[in-house]
Amino acid sequence: MDSRVAGRYTLVREIGRGGMGAVWLARDEMLGRDVAIKRVAVQADGDAVARVTREARLAAMLNHPHVVTVFDLVAESEQRWLVMEYVESRNLSALIREQGPLTPDTAAPLLSQAASALAAAHQAGVVHRDVKPGNMLVTPTGLLKLGDFGIARTGTDVGLTQTGMVTGSPGYLAPEVAAGQSATLSSDVWSFGASVFHAVTGHPPYDTSENLMGALYRLVHEEPPRTEAAGWLAPLLLATMERDPARRWSADQVAAWLHDPQARERLNRRLPAAPARPTAAPVAPSAPVIATEPTDVLPTAPTRRRRSPVLLAVGVAALIALIAAGWVLGTQTSDDDAGSTDDAPPTSQTSTEPTTSAGPDAEGMRQFVASYLDQVTADPATAYQQMLTPAFQEKSGNWGRYQGWWNQVEGAELISVDADPLEMTVQYRVRYSMTNGKTRTEDISLDLAYDNGIYRIAGEG
């Protein structure tokens with residue numbers, strides 16, 4: 001092999017190998033610095049080349065201290081080379097293998113950094129799809145960087161996921177992904193929770209090394225495992241390894257929980273009671289403060305958030321049939337190898353009764369706005385299903401984006417509202433109380449639809 005790539009990067013030694021190819025330490029002769037270069041495997045097909053190209057584009061969207069920086073993408077002799085920041089490190093999986101399970105106090109500062117990186121990715125609309133300890137690089141000084149966005153994708157990037165293909169590492173897959181659904185921001189949060197489990201126990205929550213189908217069956221059908229080793233991190237496992245994607249915390253909430261004791265207390269109060277079976281130990285009253293800064297940037301979409309009974313039940317026979325039909329696990333390498341939003345709306349059992357048949361009026365429109373804010377902060381699934389027109393559900397980014405926003409809202413105070421029945425528009429000012437303890441005030445303009453006494457949101461001005 002030629003020791004120089006693109007006439008600029010001198011290869012020094014191979015430092016890693018994964019499903020997408022080898023990773024080399026190289027010297028950037030032009031800038032005089034060490035870099036890491038990932039080469040697509042020699043026999044890689046067009047899809048693999050497209051993936052590494054997409055990895056560069058996605059990673060370049062992210063400028064964050066806990067995300068591995070991408071510098072360049074070069075093509076030479078039909079090979080693709082991704083040039084990245086060189087991080088002198090070992091991945092979290094290797095660290096755990098060498099040192100044994102981490103205590104909650106030791107794991108939390110590292111996990112906080114990973115959560116901050118994941119929150120930044122989600123704010124950019126990027127679903128990582130392969131969150132695991134093997135993709136968390138830890139330096140000797142304790143700095144953690146999240147890497148390997150090679151199977152990540154944005155909500156608008158639909159070209160590389162085919163029907164029947166599942167990508168990700170089996171031991172960290174979310175139940176809905178294991179059942180064949182597309183990966184979402186919520187799926188990343190489950191994988192983060194599975195990484196927390198691995199950090200404190202020394203192993204993934206599901207062993208897929210010998211019986212992959214059995215592990216996938218348990219993942220889809222059974223309650224997730226809990227562990228007393230989690231200690232004061234137990235609520236984090238409850239809120240991330242939650243079978244219902246709509247009830248999981250967002251990455252922003254996870255980062256806030258790990259960083260801010262006040263946010264931790266607020267979020268803990270919103271968790272359901274722990275099940276009667278053995279679970280993790282109670283939260284320690286003096287859980288340490290993690291120094292990593294949480295991210296403050298929020299999505300701008302004004303319609304937004306969380307809970308619905310949506311998880312798909314799939315039998316063993318159905319899973320086997322899926323695999324027989326060409327169901328592919330895109331990353332079945334070991335954990336040391338260096339990851340579309342699910343837009344299906346939730347279902348609801350609650351019905352909305354017509355309030356009047358006399359036609360729209362200003363007071364009814366004002367009452368609708370107040371009712372909507374009350375409903376969406378208490379039960380966003382019902383608000384999404386019953387208070388938005390189907391057209392506006394799609395326009396607002398479908399359920400994945402909607403619940404992604406509302407998962408970050410603790411409450412909404414209606415400050416003022418003005419309604420125009422002739423134009424069927426409402427303008428209102430609202431003050432949101434966010435789960436990270438901050439507040440934000442917005443002026444919202446909505447178009448309403450009216451049918452037989454029922455108002456629904458039809459558009460946004």
Side-chain angles (χ1 to χ4, degrees), residues 19-20 47 50-64 66-68 70 114-132 134-136 146-163 165-170 172-195 240-242 244-246 248-255 295 297-299 301 304-306 310-312 328-331 339-344 396-408:
M20 292 297 294
D47 181 69
R51 285 188 179 188
V52 79
T53 301
R54 186 173 75 256
E55 176 172 354
R57 174 172 57 83
L58 291 172
M61 295 168 58
L62 304 175
N63 181 18
H64 192 275
H66 299 298
V67 173
V68 174
V70 168
S116 178
L118 188 61
H122 286 186
Q123 288 159 11
V126 176
V127 183
H128 188 287
R129 303 177 79 203
D130 199 20
V131 176
K132 61 180 181 179
N135 285 333
M136 300 175 185
L146 180 63
D148 206 343
F149 283 77
I151 60 174
R153 55 183 293 199
T154 63
T156 58
D157 182 6
V158 296
L160 295 177
T161 295
Q162 304 169 1
T163 300
M165 174 176 284
V166 177
T167 54
S169 300
Y172 306 91
L173 285 179
E176 67 275 10
V177 178
Q181 297 184 26
S182 297
T184 67
L185 304 181
S186 292
S187 305
D188 276 354
V189 171
W190 170 284
S191 299
F192 180 88
S195 300
T240 54
M241 292 186 68
E242 155 65 54
D244 183 352
R248 290 175 206 149
W249 285 348
S250 67
D252 274 319
Q253 288 175 302
V254 171
T295 50
V297 180
L298 297 172
R304 307 122 163 150
R305 166 179 146 183
R306 119 196 123 208
V310 72
L311 190 59
L312 189 66
V328 180
L329 284 170
T331 308
S340 135
T341 55
D342 183 358
D343 292 332
S396 63
N398 290 302
W399 170 243
R401 185 174 180 185
Y402 185 90
Q403 65 119 359
W405 161 255
W406 286 108
N407 264 334
Q408 303 172 79

Original post:
Is there a donor-acceptor pair under 3.5 Å between the side chain of Ser191 and the backbone N or O of Tyr172?
Top reply: yes
Original post:
Can you list the residues that meet the side chain to side chain contact (heavy atoms under 4.5 Å, CB included) rule with Ala174, with sequence neighbours excluded?
Top reply: Glu176, Val177, Ser187, Trp190, Arg248
**OP:** Rounded to the nearest 0.5 Å, what's the gap from CZ on Arg129 to CG on Leu173? Could you check?
**Re:** 10.0 Å
Subject >> Set of residues satisfying side chain to side chain donor-acceptor pair (under 3.5 Å) with respect to Ser195, sequence neighbours excluded >> reply: none
Subject >> Non-hydrogen atoms of Val189 and Ala251 that approach each other most closely >> reply: CG2-N, 3.8 Å
Original post:
CG/Asp130 to CG/Asn135 distance, rounded to the nearest 0.5 angstrom?
Top reply: 5.0 Å
Subject >> Backbone N/O of Ser250 and side chain of Gln408: donor-acceptor pair under 3.5 Å >> reply: no
Original post:
Between Leu185 and Val127, what is the shortest heavy-atom contact and its length?
Top reply: CD2-CG2, 3.6 Å
Original post:
Ala121: what forms a side chain to side chain contact (heavy atoms under 4.5 Å, CB included) with it, not counting sequence neighbours?
Top reply: Leu62, Val126, Phe149
Original post:
Counting distance only, does the side-chain N/O of His122 pair as donor-acceptor with the main-chain N or O of His128 below 3.5 Å?
Top reply: no
**OP:** State the NE2-CG distance between His64 and Leu146, to the nearest 0.5 angstrom.
**Re:** 10.0 Å
**OP:** Using atom types as modelled and distance alone, determine if a side-chain donor or acceptor of Asp188 lies under 3.5 Å from a backbone N or O of Leu118.
**Re:** no
Original post:
Any idea which heavy atoms bring Asn407 and Gln253 closest together, and the distance?
Top reply: O-NE2, 2.6 Å
Original post:
Which pair of heavy atoms, one from Ser186 and one from Pro245, lies closest together, and at what distance?
Top reply: OG-O, 3.3 Å
